[in-house]
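Scope of the values below: all heavy atoms of this structure, side chains included, with no hydrogens, waters or symmetry mates. Everything numeric in this text was worked out from a predicted model, so none of it was measured. Proteins come first, then strands; the chains are lettered A, B, ... in the order of their sequence lines, and each starts at number 1.
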Number of protein chains: 2
Amino acid sequence: MKQVPPQKAEIILQTALEQFAENGFHSSPISQLASRAGVGVGSIYRYFKDKDELIHAVFKQVDEELQQTITHNFDSTLSDQQQHIQLVVNLIHYLKERPHEFKFLEQYYSSPYGSEEKHAKFLHAEVKEPPNPFANLFASISQKNQQKLPLPLYLAMTFGPVIFLLRDALSGYVELDDALIEQTAAASWRALET
Amino acid sequence: MKQVPPQKAEIILQTALEQFAENGFHSSPISQLASRAGVGVGSIYRYFKDKDELIHAVFKQVDEELQQTITHNFDSTLSDQQQHIQLVVNLIHYLKERPHEFKFLEQYYSSPYGSEEKHAKFLHAEVKEPPNPFANLFASISQKNQQKLPLPLYLAMTFGPVIFLLRDALSGYVELDDALIEQTAAASWRALET
DNA sequence: CTTTCCGGAATGAACGTTCCGTCAGTTATA
DNA sequence: TATAACTGACGGAACGTTCATTCCGGAAAG
């Protein structure tokens, strides 16, 4: 009996993530990916039907870990402001340490792959479902505002700046230090107050 | 002598923009592009050295028109707040009407093409140059803040939400009406105040 | 007639996918 | 325990397709 049969699939997924992030989907021939992973071309097709399925599998893995991380570091006992700032700061820290994941997601979403997909499924559907810390935070913020805060605006002011900043940091235009991260979190909170 | 020699080049550029925006770079064979433009394959290579040059040419055209539009609708006699809100509102309106341009830019920047490029050249270099309304606005805002406003933060809070919102609008997740646009502009201004 | 422009068939390379021989590990046989 | 038969993971050569690019014959312009 093999206790670790799907280890190779993990290696392929991890390598694919790096390869795609660095070179893009089209400049990542399966052959190159295979040699980088130390694996035969044929083996990749043992675990994934075709290249598209591989790409979606990488996305699924990255997406799930991201969601988990976000929903994990959530202390619902804090004030709205503290929760929001914690969310933004943690998110930036997390993605800053994972440039491959970030680049992959960017590419995935702005390609036909992500467009045809649920896209912001997480950001929209997830936030609305009541029994999760996200929904509570949004509901709470929204309620205290004078004019009702639309969900799209909340998402745009929360995640828009984060993405923009990470992009610039990755391009080397910005030194994304802790001070800047905290300023960003504070600023995006300010934007939500009425 | 031809009085309208580059007319065909214009048609190719325009068609390429649409084709790329709708199908992505790799799912846009030159042959398909040619027939869509009502042009022979060979003709495309008369005006553009290869596919890469075509892609960059499309970018250049889109980028230049965008920059021009932004710097044009700028009334430097208004207050900082009014200028900022005008900027954001105009930008959203402009891009909302041009989904092809928006999708193309997104794709370009998150692909190896844009990455190897100047990227936020416009957003960074341009803003800093003194003799333009942008630089003045940023300088003015920055100066009035208690703690100095870093340029990256200003850019992130100004353009980040815009991009995020447009993305969602294009995906059909958000009805981007005038009320939402104005709320966004107001919110991003709030974020900049100290 | 000469020159410039144009279209699209032809070419060659790159790539995704398939297919098959090899081999390590496992099970059956004696 | 030793040996033979089996099984399925594995690599990579080979295949067929797709596509960027070239090239040439003809049309239009002068």
Taking the six-membered ring of A/Y94 (Phe, Tyr or Trp), confirm whether the NZ or CZ of A/R98 is under 6.0 Å from its centre and within 45° of its axis. yes

Rounded to whole angstroms, how far apart are OH on A/Y45 and P on C/dG16? 6 Å

Mind checking side-chain hydrogen bond (donor to acceptor under 3.5 Å, both in side chains) for A/E22 and listing every partner two or more places apart, or none if nothing turns up? A/R36, A/H100

Is the gap between the ring centers of B/F134 and B/F74 under 6.0 Å? yes

Between A/Y47 and D/dC10, is there a contact of a side-chain N or O with OP1 or OP2 at under 4.0 Å? yes

Report the nucleotide, chosen from D/dT22, C/dC6, C/dT17, that has the shortest atom-to-atom distance to any side-chain atom of B/R46. C/dC6

Return each pair, listed once, that meets ring pair (Phe, Tyr, Trp, His ring centres under 6.0 Å) where at least one residue sits in residues 12-33 of chain A; pairs must be two or more places apart or across chains. A/F20-A/F25, A/F25-A/F104, A/F25-A/Y113, A/H26-B/H26

Could you state the atom-to-atom distance from CD1 of A/I12 to P of D/dA9 in whole Å? 13 Å

Check the phosphate of C/dC15 against A/S31, side-chain N and O only, distance under 4.0 Å to OP1 or OP2. Yes or no? no

Given atom CG of B/L54 and atom P of D/dT21, what is their separation to the nearest angstrom? 10 Å

Nucleic acid contacts - residues 16-27 of chain B versus DNA chain D, non-hydrogen atoms under 4.0 Å: none

Round to a whole Å and report the spacing from CD1 of A/I55 to C1' of C/dG16. 12 Å

Side chain of A/K8 (C-beta onward), nearest among D/dG11, D/dA20, C/dC6: D/dG11

Carefully, step by step, assess A/T158 and A/S188 under the rule side-chain hydrogen bond (donor to acceptor under 3.5 Å, both in side chains). CA-CA 6 Å; A/T158 303; A/S188 82; 5.5 Å; no

Using whole Å, what does the distance between atom P of nucleotide C/dT17 and atom CD of A/E53 come to? 10 Å

Would you mind telling me which of D/dG11, C/dC6, D/dC19 lies closest to the side-chain atoms of B/P29? D/dC19

How many Å lie between CD1 on B/I44 and P on D/dC23, as a whole number? 18 Å

Please state whether the rings of A/H84 and A/W189 are parallel, tilted or perpendicular, taking 30° and 60° as the class boundaries. tilted

Report the residues that fulfil side-chain contact (heavy atoms from CB on, under 4.5 Å) with B/Q146, sequence neighbours left out, ordered by chain and then residue number. B/T194

The criterion is side-chain contact (heavy atoms from CB on, under 4.5 Å); which residues satisfy it with B/K144, sequence neighbours excluded? B/D80, B/S140

B/S43 side chain: which of D/dT21, C/dC6, C/dG16 is closest? C/dC6

What I want to find out is whether B/R167 reaches B/E106 closely enough, with some N-O distance under 4.0 Å, to be called a salt bridge. yes

Between C1' on C/dA14 and NZ on A/K51, what's the gap in Å once rounded to a whole number? 11 Å

For DNA chain D, find the residues of residues 34-42 of chain A with a heavy-atom distance under 4.0 Å and give them by number; none if there aren't any. A/G38, A/V39, A/G40, A/V41, A/G42

Using whole Å, report how far CD1 of B/I30 lies from P of C/dA9. 17 Å

